[in-house]
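Remarks on the structure that follows.
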Amino acid sequence: MAIKHFLQFSDFTLDEFDYVIDRARVIKRKFKNYEPYHPLVDRTLVMVFEKNSTRTRLSFEAGMHQLGGAAIYLNTRDSQLGRGEPVEDAAQVISRMCDIVMIRTFGQEIIDRFAAHSRVPVINGLTNEHHPCQVLADVFTYIEHRGTIKGRTVAWIGDANNMLYSWLQAAQVFGFHVNVSTPKGYEIDTSLVASDNRNYTFFPDPGDACADADLVTTDVWTSMGYEEENAARLKAFDGWIVDAEKMRRARPDALFMHCLPAHRGEEVSADVIDGPQSVVWDEAENRLHVQKALLEYLVLGRVG
């Protein structure tokens with residue numbers, strides 16, 4: 001069987017996502033009911049981290065154990081990758097000793113090169129360009145709370161980062177629209193967006209982007225790897241905070257999401273992230289459930 005990777009959101013078809021989301025529902029229900037479910041007994045996940053993590057490591061490591069398998073943590077600082085071993089060589093070795101690999105790194109080209117030389121499926125745990133697992137969890141969370149996301153409007157408030165690029169790919173797959181508002185100088189890099197993507201509209205004013213949205217979402221203003229830009233970003237992003245005023249412009253039943261960690265008072269106000277429209281804690285938990293379904297699918301294919 002051909003190896004299937006999940007390196008960016010567009011790697012899966014709508015049919016595949018529908019299947020994974022259905023499996024996530026089943027797996028989450030078993031987890032909540034304390035029903036043992038161990039389809040990945042004697043299977044091993046290797047997790048390669050070049051960027052720090054809380055939710056990614058915890059959700060993948062706990063998830064693999066809950067599925068009956070084993071998870072091994074590798075930090076590039078503590079492995080030969082940190083001493084200059086070619087990515088291609090590391091892929092050959094690591095993939096001969098496990099069943100699936102998750103990588104959290106900087107450039108997308110790193111994970112692309114690894115996958116090209118891997119004998120097992122590779123999952124993108126985050127790169128500078130894409131964060132597909134998080135957006136999969138976000139889509140699943142929206143469906144849990146509001147039903148289908150097809151035809152809905154998602155407002156993205158912040159810079160054009162890996163989250164936005166995954167949201168734009170998801171919009172094409174699921175058939176929803178993204179209202180994008182980024183400060184000047186932090187706009188979309190069109191080279192990272194499919195030329196036929198008509199599922200987004202740019203708004204210079206973040207409040208206008210929120211108008212009639214079904215979901216409002218944002219991210220920290222300074223992501224990992226851009227810390228030296230923090231002072232400039234704080235100045236440029238003035239006015240882009242998701243606050244109660246912007247949420248009032250969204251639909252009355254609109255949800256708020258944030259991939260976390262959050263800085264209250266910067267990209268989101270405390271009354272929004274801790275308010276009744278916020279589903280950030282469900283969103284964070286759902287990383288566990290959708291990734292368990294993803295691991296099951298990539299290792300075993302369709303089951304049941």
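Under the 4.5 Å side-chain heavy-atom criterion for ILVMFWY residues, no single connected hydrophobic cluster contains both Val41 and Phe31. In this structure, Leu58 is not a member of the same hydrophobic cluster as Leu40, with clusters built from ILVMFWY side-chain heavy atoms closer than 4.5 Å. Transitive grouping of hydrophobic side chains (ILVMFWY, heavy atoms separated by less than 4.5 Å) brings Val193 and Phe12 into a common cluster. Residues Leu14 and Val20 share a single hydrophobic cluster, defined by chaining ILVMFWY side chains whose heavy atoms lie under 4.5 Å apart. Cluster annotation: Ile143 and Val178 are assigned to the same hydrophobic cluster (Ile/Leu/Val/Met/Phe/Trp/Tyr, side-chain heavy-atom contacts under 4.5 Å, transitive).
Minimum heavy-atom separation, Asp205 to Gly207: OD1-N, 2.7 Å. Nearest heavy-atom pair across Ala244 and Ser269 is N-OG, 4.0 Å. Across every non-hydrogen atom of Asp42 and Asp99, the tightest pair is O-OD2, 4.0 Å. Taking all atoms of both residues into account, the shortest heavy-atom contact from Cys210 to Ala155 is CA-CB, 4.0 Å. In plain terms, the two heavy atoms of Ala293 and Ala24 that are nearest each other are CB-N, 3.6 Å. Considering every non-hydrogen atom in both Cys133 and Ile123, the closest pair reads SG-CG2, 3.6 Å.
For Arg264, the CZ atom counts as densely surrounded, since its 6.0 Å shell holds more than 12 non-hydrogen atoms of other residues, nucleotides or ligands. Counted within 6.0 Å of CD on Glu88, heavy atoms from surrounding residues, nucleotides or ligands total more than 12; the atom is thus considered enclosed. Atom CG of Asp196 is surrounded by more than 12 heavy atoms from other residues, nucleotides or ligands within 6.0 Å. Other residues, nucleotides and ligands contribute over 12 non-hydrogen atoms within 6.0 Å of the CG atom of Asn33.
Atom CE in Met257 sits 5.0 Å away from atom CG in Leu215 (nearest 0.5 Å). Rounded to the nearest 0.5 Å, atoms CZ (Arg119) and CD1 (Ile94) are 13.5 Å apart. For the atom pair Leu192 CG and Tyr165 OH, the distance stands at 5.0 Å (nearest 0.5 Å). Atoms CG and CG, from Asp282 and Asp138 in turn, are 11.5 Å apart once rounded to the nearest 0.5 Å. A distance of 8.5 Å separates CG of Leu298 from CZ of Phe6, quoted to the nearest 0.5 Å. Here CG of Leu136 is found 6.0 Å from CD1 of Ile21. Values are rounded to the nearest 0.5 Å.
For Asp11 (side chain) and Leu7 (main-chain N/O), a donor-acceptor pair under 3.5 Å exists by modelled atom type. Using modelled atom types, one side-chain atom of Glu129 and one backbone atom of Gln108 make a donor-acceptor pair closer than 3.5 Å. In this structure, the side chain of Thr44 does not engage the main chain of Ala70 through any donor-acceptor pair within 3.5 Å. A donor-acceptor pair under 3.5 Å is formed between the side chain of Asn161 and the backbone N or O of Leu164. Put simply, the side chain of His5 gets close to the backbone of Val122: a donor and an acceptor are under 3.5 Å apart. A distance-only check finds no donor-acceptor pair linking the side chain of Ser118 to the backbone of Ala91 [under 3.5 Å]. Looking at Asn162, its side chain does come within 3.5 Å of a backbone N or O of Thr127 through a donor-acceptor pair. Panel note: side chain Gln169, backbone Ser10; a donor-acceptor pair is recorded below 3.5 Å. Lys4 places no side-chain N or O within donor-acceptor distance of the main-chain N or O of Pro121, the cut-off being under 3.5 Å. Formation of a donor-acceptor pair under 3.5 Å by the Ser166 side chain with backbone atoms of His131 is found in this model.
With salt bridges taken as basic N to acidic carboxylate O contacts below 4.0 Å, none links Arg233 and Glu266. Classification of Asp208 and Arg249 as a salt-bridged pair holds, one side-chain N sitting under 4.0 Å from a carboxylate O.
Side-chain contact check for Thr153 versus Asp212: every heavy-atom pair is 4.5 Å or farther apart. For the pair Val268/Phe256, a side-chain contact is recorded, criterion being any heavy-atom separation below 4.5 Å from C-beta on. With a 4.5 Å cut-off on side-chain heavy atoms, Trp156 and Met163 count as touching. Glu144 places none of its side-chain heavy atoms less than 4.5 Å from the side chain of Val279. Under the 4.5 Å side-chain criterion, counting only non-hydrogen atoms from C-beta, Leu260 is in contact with Trp281. A 4.5 Å side-chain heavy-atom check between Val299 and Leu67 finds every atom pair outside the cut-off. No side-chain heavy atom of Pro261 sits less than 4.5 Å from a side-chain heavy atom of Thr54. Taking the side chain as every heavy atom from C-beta outward, His145 and Leu255 approach each other to under 4.5 Å.
Remark: Arg23 is not positioned above the aromatic ring of Tyr297, lacking an NZ or CZ atom under 6.0 angstrom from the ring centre and at most 45 degrees off the axis. The side-chain tip of Arg302 points at the ring of Tyr19 from less than 6.0 angstrom away and within 45° of straight on.
Here the rule is side chain to side chain donor-acceptor pair (under 3.5 Å) with Thr56, and of Gln291, Gln134, Arg104 only Arg104 fits it.
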Self-check item: Trace of the side-chain hydrogen bond (donor to acceptor under 3.5 Å, both in side chains) decision for Asp15 with Thr13
Solution: CA-CA 5 Å; Asp15 179 65; Thr13 64; 4.9 Å; no
Self-check item: Stepwise side chain to side chain contact (heavy atoms under 4.5 Å, CB included) check, Leu300 with Arg43
Solution: CA-CA 10 Å; Leu300 300 179; Arg43 303 300 182 100; 3.9 Å; yes
Practice problem: For Glu296 and Tyr37, run side-chain hydrogen bond (donor to acceptor under 3.5 Å, both in side chains): C-alpha distance rounded to whole Å, both residues' side-chain angles, the deciding distance at 0.1 Å, then the answer. | Solution: CA-CA 11 Å; Glu296 179 192 65; Tyr37 181 60; 2.4 Å; yes
Practice problem: Using the salt bridge (charged side-chain N to carboxylate O under 4.0 Å, His left out) rule, take Arg55 and Glu283 through it: C-alpha gap first, then chi angles, then the decisive distance, then the call. | Solution: CA-CA 11 Å; Arg55 280 152 293 277; Glu283 178 189 3; over 6 Å; no
Quiz item: Could you walk me through whether Ile110 and Glu50 pass the side chain to side chain contact (heavy atoms under 4.5 Å, CB included) check?
Solution: CA-CA 11 Å; Ile110 296 172; Glu50 192 170 16; 4.1 Å; yes
Exercise. Could you please spell out the steps behind the side chain to side chain contact (heavy atoms under 4.5 Å, CB included) verdict for His258 and Glu267?
Key: CA-CA 10 Å; His258 191 306; Glu267 73 275 5; 2.7 Å; yes
Exercise. Kindly indicate, with the supporting measurements, whether the criterion side chain to side chain contact (heavy atoms under 4.5 Å, CB included) is fulfilled by Val26 and Asp22.
Key: CA-CA 7 Å; Val26 172; Asp22 283 343; 5.9 Å; no
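Classified by interplanar angle (parallel below 30°, tilted 30° to 60°, perpendicular above 60°), the ring pair Trp167/Phe176 is perpendicular. Note: Phe9 and Phe174 have tilted aromatic rings, judged against thresholds of 30 and 60 degrees for the angle between ring planes.
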